[in-house]
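Heavy atoms only: backbone and side chains are in, while hydrogens, waters and symmetry mates are out. Each chain gets a letter, A, B and so on, in the order the sequences are listed, and its residues count up from 1.
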Amino acid sequence: MYRHLEARLVEHFRDYLRRAYDLDFPKIVVELPPRVELGEYALPLAFELAKKLRKAPKKIAEEIVAGVGVIEGFTKLEVAGAGYINAYVDRAAMAKSLALDVHPEDKAPAGKILVEHSSINPNKAAHIGHLRNAILGDTFVRLLRFAQREVDVQNYIDNTGAQVADVVVGFQNLDRKSRAEIEALTKQTRFDYYCWDLYARVSQWYAADPTANTSKDRLKIRAQALHDIEHGGNETADLAELISVAVLRRHLETMDRLDIEYDFLPRESEILHLHFWDAAFTKLKESGALTYEDSGKNKGCWVMQRVGRTLLSAKEPGEASVKSASQTDAERVSQNEDNQKVIVRSNGTVGYVGKDIAYHMWKFGLLGKDFGYRKFYRYPNQHECWISAEHGEADHPHFGGVAEIYNVIDARQSEAQNTVIEALRALGHNDAADHYTHFSYEMVALTPRCAAELGYMLSDEDKTRAYIEVSGRKGFGVKADDLIDRLIASAKTEVDARHPEISDSQRVTISTQIAVGALRYFMLRFTKNSVIAFDFKEALSFEGETGPYAQYAAVRAANIFRKSGQNLQNFAKMHRAEDFSRYLNANKSHDSNEIWDLWLTASRTSNVVAQCIATTEPAHLAKHAFQLAQKFNSFYHHYPILQEADEGRKNFLLSTVAVVHRELTRVLGVMGIQVPEAM
RNA sequence: GGGCGCGUAGCUCAAACGGAUAGAGCAUCGGAUUUCUAAUCCGGCGGUUGCAGGUUCGAUUCCUGCCGCGCCUACCA
């Protein structure tokens, strides 16, 4: 609602500026005034105009306010501060549409969006770092869907890489398990935990031998395993398939605990076996994006020249050319080599980035090849998740060939992501490159205290650090399922104490919802590029700025309705005929302003969603949910609703509760957080 | 060395596009419950936004330099 009025306001001002000043203002900035007393919208445009018109901002603002005329939905414009133009909406009219929950038609841009997230190596249990990725990605998907966009969710599976090979090596050489034994293990609960430990043991096994020769031999075993797996059609590859699929299923189960689902799981094995790379390689060579090096340190490789880094040739103008003139040829050559990215190794094998280029050409429908598709996993809610296959089913949905993509991948991989984007440009696919977004975020690390709590020995240097990076190779980290278990147990203790009257299975449901709320909120409250230093105490908190705080506010709202005997879902709509203006305006008393502020905050959801999408930053939504809950809790405390004697005012207060409940539930839903029955 | 990011209250974090008095939570201190459940609310304390310049009517935000921290910089994935 808020967003549509804003659009109307901007349009009106743009028109006026064109008429009155003959000015084209493509971007009119609109802000939220610091307090509702100052209106619902603030435009600082007079400040900017001051330069052009060579007049005082305040004077210009007054001129505009006098000339701009009546705007539908607004009661007045006012000049405030040093030259702000504040716009005041018709509160009663806006409240009415909010109560009715009317949404003027939005024309969402056409074109499918593909969001890739999670992409956990299927060789060990998921940990907190993966949780951040999946929660950010899933929330972004929900944001896009809220904005009426069509979205496919993909989880890329690197099932032929070194990490899977390591676990296979572990089963074959350390634990010496037969295929049947491994198969039995995969059927046990949390097979991924077994792999977690095994992966750490193998990593030690490679390195921790005193005689260098043994270590070398072991790395040879690893290289052989990797080779066999990439090739396929042998015992090692079959084992890798068995293990990686079993771990993948575990990952899907873990993420489903947080209501995170995927539509399609493209795997590296199919990218290899369906020869995606060959198709891409041909195009890359034809376009000149890849060049063959016949000398130097990258001799025998196909490389990509990185752009954005100056190729220091004599042609460079300005200072750079002076600098390059003083360089020797040898320096220039070596610098150019440093700017090269090896895509195909001198032994003819393609590296990870090359496969990624092919995969991204497929995403945009530029490869001329497609995966086979097989049903893989049906969620309890019947949603079907598909997986890539060499020979797929005849009937399948169509994935790939999308208009826009978002890759939720941590910041350490920006370099690789940029290389893929550059490759698309080099192929002449600028439009695809422009619609390729690396949704970059920082890692989750552990505080030294947390690491110590987990029983890890820390060096003196580590103890002084703000955080310590998790490491799969060392088996150092907090496993996702463990964290979820602890959150549920902790919530259960509280729920048990508060609600002995309800059934245990219901208490488990509520505890789970609270745990998910706490976890998802925790991962969303930090902005993407701040490293999260994980700490159990903070993550297990249910008070203050947390998910349960917001859930609690919604539960309280529902409780009022339960006690009142009124219907929460229909109440606001049923009272649409009522005019709330006397409560909302009331001479702009403190009370009416405080309550209006609550309505106003509730109305801003679609605005915040748009902001989150534009900035690829879901943290704004978490902040918004918290603020709405905070304002509601304050309102809840100050206005005893069921005791209200004036029937009209009581209806108004109940409508307020109903609208806030609806919007808060909606916002939490976009974050993947449910509102429990009771708390 | 180069690239990217970060530095804001005791601690953990906000402040999209430069804007009105830099805000929350935690911690701490003090208060609120015969009421729609206190996982709550109200108040106090707490700031030279790393440092030094610059641009601007206006800078936490943009630019330059410096200091400190992290990540990336493989013919690994």
Measure distances between side-chain N and O atoms of [X] and base N and O atoms of [N], and say whether any donor-acceptor pair falls under 3.5 Å.
| X | N | answer |
| --- | --- | --- |
| Arg35(A) | U21(B) | yes |
| Ser346(A) | C75(B) | yes |
| Asp166(A) | A77(B) | no |

Distance below 4.0 Å between [X] side-chain N/O and [N] OP1 or OP2:
| X | N | result |
| --- | --- | --- |
| Arg556(A) | A39(B) | no |
| Gln417(A) | C4(B) | no |
| Arg562(A) | C36(B) | no |
| Ser634(A) | C42(B) | yes |
| Tyr636(A) | A38(B) | yes |
| Tyr549(A) | C41(B) | yes |

Starting at atom [atom1] of [X], determine the distance to atom [atom2] of [N], rounded to an integer number of angstrom.
| X | N | atom1 | atom2 | result |
| --- | --- | --- | --- | --- |
| Tyr552(A) | A38(B) | OH | P | 5 Å |
| Asn529(A) | C4(B) | CG | P | 14 Å |
| Lys631(A) | A24(B) | NZ | C1' | 12 Å |
| Glu442(A) | C69(B) | CD | C1' | 12 Å |
| Tyr639(A) | C42(B) | OH | P | 12 Å |
| Glu538(A) | C13(B) | CD | C1' | 8 Å |

Listed nucleotide nearest any side-chain atom of Lys563(A), set U40(B), A77(B), C36(B) | C36(B)

So [X], base contact, sugar-phosphate only, or nothing? Heavy-atom distance under 4.0 Å.
| X | answer |
| --- | --- |
| Lys355(A) | nothing |
| Glu469(A) | sugar-phosphate |
| Asn559(A) | base |
| Val495(A) | base |

Annotated structure of RNA chain B as dot-bracket, pair cut-off 3.5 Å, Watson-Crick or G-U only, | for inter-strand, is (((((((..((((.....[...)))).(((((.......))))).....(((((..]....))))))))))))....

